[in-house]
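Here's the structure, in structure tokens; my notes come after.
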Number of protein chains: 4
Amino acid sequence: MSRGVNKVILIGNLGADPDVRYMPSGDAVATVSLATSEAWKDRNTGEMQERTEWHRTVFFGKLAEIVKQYLRKGSKVYVEGKLRTKKWQTQDGQDRYTTEIIVDNMQMLDSRQGGPSAVPYPDDAAPVGRSQNAGANRPAASEAPRSTAPESGSHHFSGAADFDDDIPF
Amino acid sequence: MSRGVNKVILIGNLGADPDVRYMPSGDAVATVSLATSEAWKDRNTGEMQERTEWHRTVFFGKLAEIVKQYLRKGSKVYVEGKLRTKKWQTQDGQDRYTTEIIVDNMQMLDSRQGGPSAVPYPDDAAPVGRSQNAGANRPAASEAPRSTAPESGSHHFSGAADFDDDIPF
Amino acid sequence: MSRGVNKVILIGNLGADPDVRYMPSGDAVATVSLATSEAWKDRNTGEMQERTEWHRTVFFGKLAEIVKQYLRKGSKVYVEGKLRTKKWQTQDGQDRYTTEIIVDNMQMLDSRQGGPSAVPYPDDAAPVGRSQNAGANRPAASEAPRSTAPESGSHHFSGAADFDDDIPF
Amino acid sequence: MSRGVNKVILIGNLGADPDVRYMPSGDAVATVSLATSEAWKDRNTGEMQERTEWHRTVFFGKLAEIVKQYLRKGSKVYVEGKLRTKKWQTQDGQDRYTTEIIVDNMQMLDSRQGGPSAVPYPDDAAPVGRSQNAGANRPAASEAPRSTAPESGSHHFSGAADFDDDIPF
DNA sequence: TTTT
DNA sequence: TTTT
């Protein structure tokens with residue numbers, strides 16, 4: 001239940017690969033920087049103007065796993081969620097605020113190049129060099145064999161205390 | 001035209017009277033702090049939880065004039081707009097970011113107590129003491145006789161440079 | 001999961017009291033006729049024009065019970081849902097199509113006169129004459145003491161076959 | 001201005017090429033049948049279920065011209081608009097109702113295969129056989145050399161009276 | 001059939 | 001930092 005409506009709808013492109021981390025519970029959290037842009041003709045000069053807006057979007061649980069598996073820098077997505085402004089502190093104790101979109105519905109819009117149900121090529125036939133197939137069209141499935149388990153590398157974190165970086169984005 | 005979608009829909013209540021200022025061009029800009037709240041039952045304790053989210057919403061031009069005339073602390077509104085994160089500097093030169101909703105459509109939801117077409121009482125019959133008629137139900141028309149002209153009081157500003165306070169909200 | 005987005009958002013007023021029925025399972029289904037209206041100034045004549053659009057909205061389960069308890073002719077509501085066009089047959093076997101909004105989120109917008117958590121007066125103090133308190137402001141709680149059980153009156157239906165009238169609305 | 005909100009947001013694929021006609025004024029009107037689908041796992045059988053919903057969407061003026069030029073059967077689009085149910089009569093005088101989405105914002109989602117600013121090949125190099133390049137990826141620009149003028153073929157109509165077919169879709 |  |  002709620003008294004009020006808090007809804008955000010975005011269609012944009014990822015500015016970078018998703019940042020996926022795991023909570024102590026094992027639940028994934030994916031943070032995605034999404035660009036939406038608008039273009040218009042300047043009334044005075046008649047020249048085209050463009051403005052890009054960057055959105056910090058956050059996905060939890062199963063949705064975060066799908067983001068990890070299928071989205072990459074450049075991918076186009078539809079997201080639906082709600083605004084949440086979180087308060088945090090800098091190292092010297094100053095208050096800061098960051099506004100995020102907590103996503104509860106997501107649609108991949110690069111469907112012709114693969115998706116949740118697509119298995120584009122077997123693992124042993126997958127391209128190995130990242131530079132050879134970077135971008136939105138590169139399926140990420142072959143890179144995420146451990147997608148439902150916590151990572152053991154530098155992205156792993158062991159407590160809520162250091163879940164957020166000192167400076168969030 | 002645009003490549004992308006950037007849409008926000010909110011229904012909430014004003015946390016304070018609108019802050020209305022005027023640009024050098026004479027165009028009004030209204031800033032409104034809007035609260036949306038959600039309530040849910042905690043899975044573990046079974047107790048009701050509530051969380052209020054505050055949104056900084058901004059209205060321009062004609063829409064800002066309507067906000068000035070009809071909205072007050074406590075008013076319930078529907079707003080539709082887009083997200084914009086603006087960068088600003090503190091007095092000591094540090095970067096800060098504030099996310100706002102630039103509103104392009106608004107609906108007042110306290111309709112039974114007045115609206116854009118309502119003229120609740122003639123000017124000379126208007127209540128004078130603010131404390132006597134505070135809140136969402138108080139018609140604001142009688143307080144805004146100069147609604148289409150720049151204010152001459154402390155809210156007036158003469159240049160874009162000081163349009164924003166040092167700390168925006 | 002889904003491939004696609006199908007979303008409707010309405011704010012409008014009920015043209016009549018909700019039509020609430022019960023499925024054989026005991027689940028409630030509420031049908032509500034909702035009016036949204038738009039007004040604009042005619043470019044040629046300069047006169048105000050108005051157009052009202054009527055929407056057939058459908059609520060299931062718990063949401064239908066809330067509709068039954070709290071909404072009345074004239075009530076203002078926000079609804080969010082999806083479009084569904086259903087095919088049905090007339091008595092002489094002709095195909096017909098009716099488009100509905102299947103609601104999955106609802107907000108009452110007459111909150112100052114009562115709501116889900118409000119208990120405006122004890123049952124024995126409730127007004128009796130309908131004509132005395134008709135309309136959106138009349139709390140419906142006192143009229144729905146049996147709100148979670150199937151009705152026994154003329155609105156009751158005993159099978160899926162006759163769940164829909166021959167002519168749905 | 002309006003009292004109410006009437007908003008529809010869809011992401012789907014065209015079930016057929018757009019139907020584009022011209023009003024006596026020369027303004028284009030495009031009608032597009034859009035499919036949105038949702039999939040879910042049946043609770044009892046555990047099998048995947050899928051349901052496709054068809055939407056009749058209507059575009060006017062400049063937007064209709066863009067639809068004519070760039071959208072084809074299979075194209076994926078985002079549309080935003082409002083619901084309108086129109087009443088019409090069958091040849092034997094019976095009333096019928098058809099619900100449409102009047103579109104006021106549209107985004108093509110097959111961006112990597114061309115768009116409003118793309119000119120994929122000069123006119124004299126355009127493929128001629130329709131069967132050679134059917135589907136969403138086929139640029140339509142070469143087929144619409146007269147896109148801002150009324151058509152002279154069978155789609156032309158000379159009066160509002162026969163603007164709608166007897167059976168609209 | 002609603003609402004302003 | 002994306003995309004067209």
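Letters go in sequence order (proteins before strands), and every chain restarts at 1.
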Let me know the distance between [atom1] of [X] and [atom2] of [N], rounded to the nearest Å.
X	N	atom1	atom2	value
A:H55	F:dT2	NE2	C1'	11 Å
B:R3	F:dT4	CZ	P	8 Å
B:K87	F:dT1	NZ	P	12 Å
C:E38	E:dT4	CD	P	18 Å
C:L14	E:dT1	CG	P	15 Å
A:R51	F:dT3	CZ	P	19 Å
A:W54	F:dT3	CH2	P	8 Å
C:I11	E:dT3	CD1	C1'	13 Å

>> Students often get this wrong, so: under 4.0 angstrom with heavy atoms, is C:T36 touching a base, only sugar-phosphate, or nothing?
In response: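 Since no nucleic acid heavy atom lies under 4.0 Å of C:T36, the category is nothing.
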For the side chain of [X], starting at C-beta, report the closest nucleotide among [options].
X	options	answer
A:S37	E:dT4, E:dT1, F:dT3	F:dT3
A:K73	F:dT1, E:dT4, E:dT1	F:dT1
C:N13	F:dT4, E:dT2, E:dT1	E:dT2
A:T52	F:dT1, E:dT1, F:dT2	F:dT2

>> Tell me every residue that passes side-chain hydrogen bond (donor to acceptor under 3.5 Å, both in side chains) with B:Q94, counting only those two or more places apart in sequence or in another chain.
In response: B:R96
>> D:K82: which residues meet the side-chain hydrogen bond (donor to acceptor under 3.5 Å, both in side chains) condition with it, sequence neighbours left out?
In response: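 Result, side-chain hydrogen bond (donor to acceptor under 3.5 Å, both in side chains) vs D:K82: C:E38.
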>> Pairing donors with acceptors under 3.5 angstrom, does anything connect the side chains of A:H55 and A:S33?
In response: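 Result is no, nothing qualifies.
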> For the side-chain contact (heavy atoms from CB on, under 4.5 Å) test, which of C:V32, C:I66, C:T57 pairs with C:M106?
Replying inline: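 Output: one option passes, namely C:I66.
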